[in-house]
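A short write-up of the structure that comes next.
Only heavy atoms go into these numbers, but all of them, side chains included; no hydrogens, no water, no symmetry mates. Computed from a prediction, not measured in an experiment: that's the story for all the values here.
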Amino acid sequence: MLMDWPLFAIFVVTAFAAGSTGAFFSPGTWYERLSKPVWTPPNWLFPMAWFVLYLSMAYAAMRIAISGHPEMSHALAIWGLQIVFNTLWSPVFFGLHRLFPALIVLFGMWASVLAMVIAFWRVDPVAGALVAPYLVWTSYAFALNFSIWRRNPGAAQMAGA
C-alpha cells in the first residue's frame, strides 16, 4: 500500500493534538496523593505508550482513507468519535478531578475504539491490527480509572474542587 504523507500528517497532528490535553492537564500532586492499585504503571510509561498508539492510529486511519473501500467513511467517522473521547478524558480526570465522569468518558472511548477496531478490520485487516493494541490499552485504562475511583471517594475534595 502506498504512503500518503500529507494525509498521514493530518492524522498524526489530529491524534497528537488530542494527546496534548495530557500536557495541559498533567497529573500533578493531586494524582500522586490518590490511592492507586499496585498494578498502576509508572508515570514515564504513559507518554511512551501514547506516542506509539497515536502513530499507529494515525497510520491505520491513513490506510483506511486511501483504501477506497465502500465502508471507509463509516470507519473514519468512528475514528473521529474515539479521538473526541480521547481528547476529553484528561481534562475531566486531571483537570476537573472527577473520577466517575472520567470513567464515563473512558467507557465511551472504549466502546468507540472497539467499534473502530471492528470497522477498520472490515476495511483493511492491517489497519484493524494496528489499532487493536489501543483497545487493550483502553481496557487497561478503564480498569485503572475504575480502581482509582473506587479507592478515592473524596478525590475532588482532595483537589479543593
Side-chain angles (χ1 to χ4, degrees), residues 1-32 34 40-69 71-121 123-124 126-145 148-149 159 161:
M1 178 170 278
L2 296 175
M3 182 73 169
D4 185 326
W5 286 101
L7 192 56
F8 176 63
I10 289 169
F11 284 114
V12 166
V13 168
T14 303
F16 281 95
S20 72
T21 61
F24 292 121
F25 301 97
S26 60
T29 56
W30 168 81
Y31 180 73
E32 293 303 319
L34 292 175
T40 302
N43 288 345
W44 60 263
L45 181 63
F46 289 99
M48 289 177 52
W50 280 113
F51 180 80
V52 171
L53 291 170
Y54 286 140
L55 284 180
S56 295
M57 71 173 81
Y59 180 67
M62 185 269 317
R63 288 181 62 95
I64 297 299
I66 65 174
S67 71
H69 192 280
E71 294 182 36
M72 163 184 80
S73 297
H74 179 257
L76 290 175
I78 296 170
W79 189 93
L81 179 62
Q82 66 77 26
I83 208 72
V84 168
F85 283 115
N86 185 300
T87 304
L88 288 173
W89 185 83
S90 287
V92 174
F93 189 91
F94 293 120
L96 298 174
H97 307 116
R98 302 292 190 226
L99 302 180
F100 185 71
L103 193 62
I104 293 168
V105 170
L106 202 47
F107 179 76
M109 188 165 114
W110 181 87
S112 60
V113 170
L114 174 62
M116 180 181 66
V117 170
I118 293 166
F120 276 29
W121 194 274
V123 173
D124 175 5
V126 171
L130 283 165
V131 293
Y134 183 25
L135 181 63
V136 173
W137 182 257
T138 306
S139 300
Y140 178 76
F142 185 86
L144 183 59
N145 190 153
I148 293 171
W149 168 65

Trace of the ring-ring contact (aromatic ring centres under 6.0 Å, His included) decision for Phe85 with Trp110: CA-CA 9 Å; Phe85 283 115; Trp110 181 87; over 10 Å; no
Between Phe16 and Leu55, is the side chain to side chain contact (heavy atoms under 4.5 Å, CB included) condition met? List the steps. CA-CA 9 Å; Phe16 281 95; Leu55 284 180; 4.0 Å; yes
Is there a side chain to side chain contact (heavy atoms under 4.5 Å, CB included) between Phe24 and Phe94 once you walk through the steps? CA-CA 9 Å; Phe24 292 121; Phe94 293 120; over 6 Å; no
Evaluate Phe142 against Trp137 for side chain to side chain contact (heavy atoms under 4.5 Å, CB included), listing each step before the verdict. CA-CA 9 Å; Phe142 185 86; Trp137 182 257; over 6 Å; no
For Phe11 and Tyr59, what are the C-alpha separation, side-chain angles and deciding distance, and is it a ring-ring contact (aromatic ring centres under 6.0 Å, His included)? CA-CA 8 Å; Phe11 284 114; Tyr59 180 67; over 10 Å; no
Could you please spell out the steps behind the side chain to side chain contact (heavy atoms under 4.5 Å, CB included) verdict for His74 and Ile78? CA-CA 6 Å; His74 179 257; Ile78 296 170; 3.4 Å; yes
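Scanning both residues, Ala65 and Leu7, for their nearest heavy atoms gives CB-CD2, 3.4 Å. Closest heavy-atom contact between Leu130 and Ser56: O-CB, 3.6 Å. Between Val131 and Ala60, the closest heavy-atom pair is CG1-CB, 3.7 Å. Among all heavy-atom pairs drawn from Val105 and Val92, the shortest one is CG2-CG2, 4.3 Å. Nearest heavy atoms, Phe46 versus Pro41: CZ-CG, 3.4 Å. Closest heavy-atom contact between Met62 and Asp4: SD-N, 3.5 Å.
Ser112 places a side-chain N or O within 3.5 Å of a backbone atom of Met109 that can act as its donor or acceptor partner. Side-chain atoms of Ser20 come within 3.5 Å of backbone atoms of Ala17 as a donor-acceptor pair (strictly under, hydrogens ignored).
In this structure, Phe120 and Val123 have side chains that are not in contact, with every pair of non-hydrogen atoms separated by 4.5 Å or more. Looking at Thr14 and Ile10, their side chains come closer than 4.5 Å, going by heavy atoms from C-beta outward. Counting heavy atoms from C-beta outward, Pro101 and Leu96 have side chains that stay 4.5 Å or more apart. A 4.5 Å side-chain heavy-atom check between Phe93 and Arg98 finds every atom pair outside the cut-off. Put simply, the side chain of Tyr31 reaches to within 4.5 Å of the side chain of Ile148, judged on heavy atoms. Side-chain contact between Gln82 and Thr138 is absent, with no heavy-atom pair separated by less than 4.5 Å. With contacts defined as side-chain heavy-atom distances shorter than 4.5 Å, the pair Tyr54/Asn86 qualifies. Arg63 is listed as a side-chain neighbour of Val126, based on a closest heavy-atom distance under 4.5 Å.
The environment of CZ in Phe107 is sparse: at most 12 heavy-atom neighbours from other residues, nucleotides or ligands sit within 6.0 Å. Summarising the local packing, CZ of Phe51 is surrounded by 12 or fewer heavy atoms from other residues, nucleotides or ligands at distances under 6.0 Å.
For the residue pair Asn145 / Tyr140, no side-chain donor-acceptor distance below 3.5 Å is found, with atom types taken as modelled.
A tilted orientation is assigned to the rings of Trp149 and Phe100, their planes being inclined by 30° to 60°. Classification of the Trp30-His97 ring pair by plane angle, with boundaries at 30° and 60°, yields tilted.
Taken from CG in Leu2 to CD1 in Ile66, the straight-line distance is 6.0 Å, to the nearest 0.5 Å. For the atom pair Met3 CE and Phe8 CZ, the distance stands at 4.5 Å (nearest 0.5 Å). Ser73 contributes atom OG, which lies 11.0 Å from atom CD1 of Ile64 (distance to the nearest 0.5 angstrom). Here the straight-line distance linking atom OG1 of Thr40 with atom CG of Leu45 works out to 11.5 Å at 0.5 Å rounding. Note that the CG atom of Leu99 and the CD1 atom of Ile104 stand 11.5 Å from one another [nearest 0.5 Å].
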